[in-house]
Amino acid sequence: MHISRITMYTLVVTLVAIFLSSPVSGQFPRACMTVDGILSKECCPELISPDGLTLGVCGQTASRGSCQDLAVPDIPHNPEYPFTNVDDRERWPNKFFNRTCVCEGNFWGYNCGECRYGWTGESCDQPASPVLRKNIKNCTAEERRRFVDALDQAKRTVHPDYIICKEHWLGLLGPNGTEPQVENVTIYNLFVWMHYYAVRDTLLGPNQPWREIDFAHEGPAYNTWHRMHLLWLEREMQKMLGDETFALHYWDWAVGGTECDVCTDDMMGGRHPLNPTALSPGSPFSRWQSVCMSLDDYNRLVTLCNGTDEGPIFRNPGGNVDRPDVRILPRGRDVGRCLDLPLYDNPNWTETAERSFRNTLEGFDHPDGEYDPSIRTLHNLAHLFLNGTASVAHASANDPIFVLLHSYSDAIFDAWLAMQNTSSLVSYPEEGAPIGHNLNNTMVPFFPVVRNADVFQFSQDIGYAFDALPERVPEEPSQFTSFEIFAMGVGAFIGCIVSALAAYGIAGMLSTKLRGGPGGKGVYQPLLKEEDDRGRRYTAETAVVFMDNEVRCSVDKE
């Protein structure tokens with residue numbers, strides 16, 4: 001999903017009520033989102049114990065942590081991103097806070113009041129029993145009902161600890177410099193907002209988005225970012241329910257079918273009987289409203305998604321008659337071939353990387369890792385098959401099927417780690433990858449900070465496990481004689497020569513087609529990208545540098 005997204009300088013500001021004893025990760029604590037906190041760039045609140053005792057700043061009197069300068073690795077930007085100090089997500093979260101709580105041992109949180117993922121106990125020194133993520137098709141009717149109800153509750157429940165920013169970073173304190181521009185948001189809508197925020201555009205002025213940026217896709221962080229994204233939602237829902245055993249489920253989309261087998265009212269919602277692109281009124285998801293859809297408006301106004309309802313979820317699985325290649329789901333053997341790839345990623349670390357497990361799972365390669373710009377498979381194909389909100393890259397998380405889809409993608413990632421017998425960061429670049437995608441880059445927009453390296457490990461070590469992992473699929477034995485195999489080999493060789501000549505003849509013609517335009521529609525359009533050229537491409541010859549001595553700025557919004 002290369003997704004050039006929306007708006008210029010943004011921040012999700014999640015703000016955790018001051019003096020909470022059970023802090024969470026995500027964006028920024030409420031205790032720090034004051035005028036003084038924003039101007040000082042310090043986020044080191046006091047920790048209050050469950051029985052009301054003050055444990056000092058960052059829980060220091062209980063030896064949980066201390067307030068320190070935040071060390072964010074100064075990794076050079078890939079040349080793909082030619083700017084400096086322009087986007088609030090650069091070297092996250094330094095645009096907002098450069099002094100934070102640094103926790104000891106397995107303590108964690110904005111005030112060191114909770115345990116890291118995968119740990120429990122009063123001293124956070126006991127491995128936690130992993131919660132079990134199940135194939136939703138194998139769940140009981142009661143388990144399905146509970147899962148659907150929990151998602152619906154998260155959609156309707158205003159997050160008690162977090163809010164979002166309505167304005168980009170330079171306008172964070174409002175026109176008078178005294179009013180943080182924030183908004184309440186529900187738990188699930190914050191999950192959607194976080195995905196939007198990671199993949200949106202950088203805005204260089206009204207209607208001037210820089211689109212070649214994405215902190216969550218088309219690079220090594222595809223797996224690690226989405227793993228952390230799901231972990232965040234899982235923990236927030238556990239807290240909402242008061243149940244530490246609650247786990248997300250997954251959808252095994254590698255069935256090679258032409259029907260969405262989880263699109264029923266007891267799972268992710270069936271089709272509306274009168275409108276094939278709407279959800280059945282028998283599903284609570286038919287009442288959901290999408291947020292963060294209006295990219296044109298955000299770019300034009302140099303502003304952020306503010307969580308306003310923008311219309312219902314739509315979905316038409318397998319219904320894209322203009323795209324026959326996305327009307328069938330991936331197959332199990334495609335997953336198996338992907339699992340055979342030994343390297344996690346390969347230069348140039350983008351959507352064109354060949355023989356890359358990450359790029360193949362993300363869906364930009366053949367299942368065996370051979371790059372072909374016309375191919376979309378696995379994760380990408382599953383999104384596109386759904387043919388609706390879930391295939392709109394910046395807003396795909398609005399459809400709750402996103403949770404199941406990505407949980408299975410994460411299961412494939414976990415299977416690869418186990419099959420390759422590696423817990424080391426093999427072929428994960430320390431630099432040279434797209435911005436935000438290097439090994440030690442901090443992931444946008446999680447706060448406290450989380451590096452890609454922190455979740456590049458087995459799921460059971462960070463608090464969850466799967467009821468079953470995808471497996472390699474052995475090739476079927478050949479039914480041909482040795483002579484027939486030889487003859488087919490000769491034929492294939494001749495065919496390759498003919499194909500190469502034909503390809504050479506049409507290459508010029510294809511290269512003139514605009515991706516996403518009338519001539520370039522179809523297999524030539526990179527899937528899960530926005531290619532309609534909304535806004536103007538910034539073409540200055542020199543890098544733009546913003547000075548942020550002031551946090552305020554005025555933006556013409558007419």
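In this structure Cys263 satisfies the disulfide (SG to SG under 2.5 Å) test together with Cys260, sequence neighbours excluded. The salt bridge (charged side-chain N to carboxylate O under 4.0 Å, His left out) test applied to Arg287 returns no partner, not counting sequence neighbours. Judged as a salt bridge (charged side-chain N to carboxylate O under 4.0 Å, His left out), and not counting sequence neighbours, the contacts of Glu370 are Arg355. Under the rule for a ring pair (Phe, Tyr, Trp, His ring centres under 6.0 Å), the partners of Phe191 that lie at least two apart in sequence or sit in another chain are Tyr188, His229, Phe402.
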Original post:
So Arg133 and Glu234, salt bridge (charged side-chain N to carboxylate O under 4.0 Å, His left out) or not? Walk me through it.
Top reply: CA-CA 10 Å; Arg133 296 185 184 175; Glu234 192 167 63; 3.0 Å; yes
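The ring-ring contact (aromatic ring centres under 6.0 Å, His included) contacts involving residues 254-282 comprise nothing, where partners must be two or more places apart or lie in separate chains. Pairs of residues two or more places apart, or lying in two chains, that qualify as salt bridge (Lys or Arg N to Asp or Glu O under 4.0 Å) and include a residue from residues 259-272 are Lys137-Asp261, Arg144-Asp266.
Taking the six-membered ring where the residue is Trp, His379 and His217 present parallel rings, their angle staying beneath 30° rather than reaching 60°.
Taking a 6.0 Å sphere around CD of Glu143, one finds it holds more than 12 heavy atoms contributed by other residues, nucleotides or ligands.
Shortest non-hydrogen contact noted between Thr442 and Trp92 is OG1-O, 2.6 Å. The minimum heavy-atom distance between Ala465 and Pro130, with the atom names listed, is N-CB, 4.0 Å. Pairing each heavy atom of Val291 with each of Cys305, the nearest pair is C-SG, 4.5 Å.
A salt bridge does not link Asp149 to Arg146: none of the charged side-chain nitrogens sits closer than 4.0 Å to a carboxylate oxygen.
Just one residue in the list Gln289, Arg156, Lys155, His159 forms a side chain to side chain donor-acceptor pair (under 3.5 Å) with Asn189, and that residue is Lys155.
In this structure, the side chains of Tyr222 and Asn359 stay at 4.5 Å or more apart for every pair of heavy atoms.
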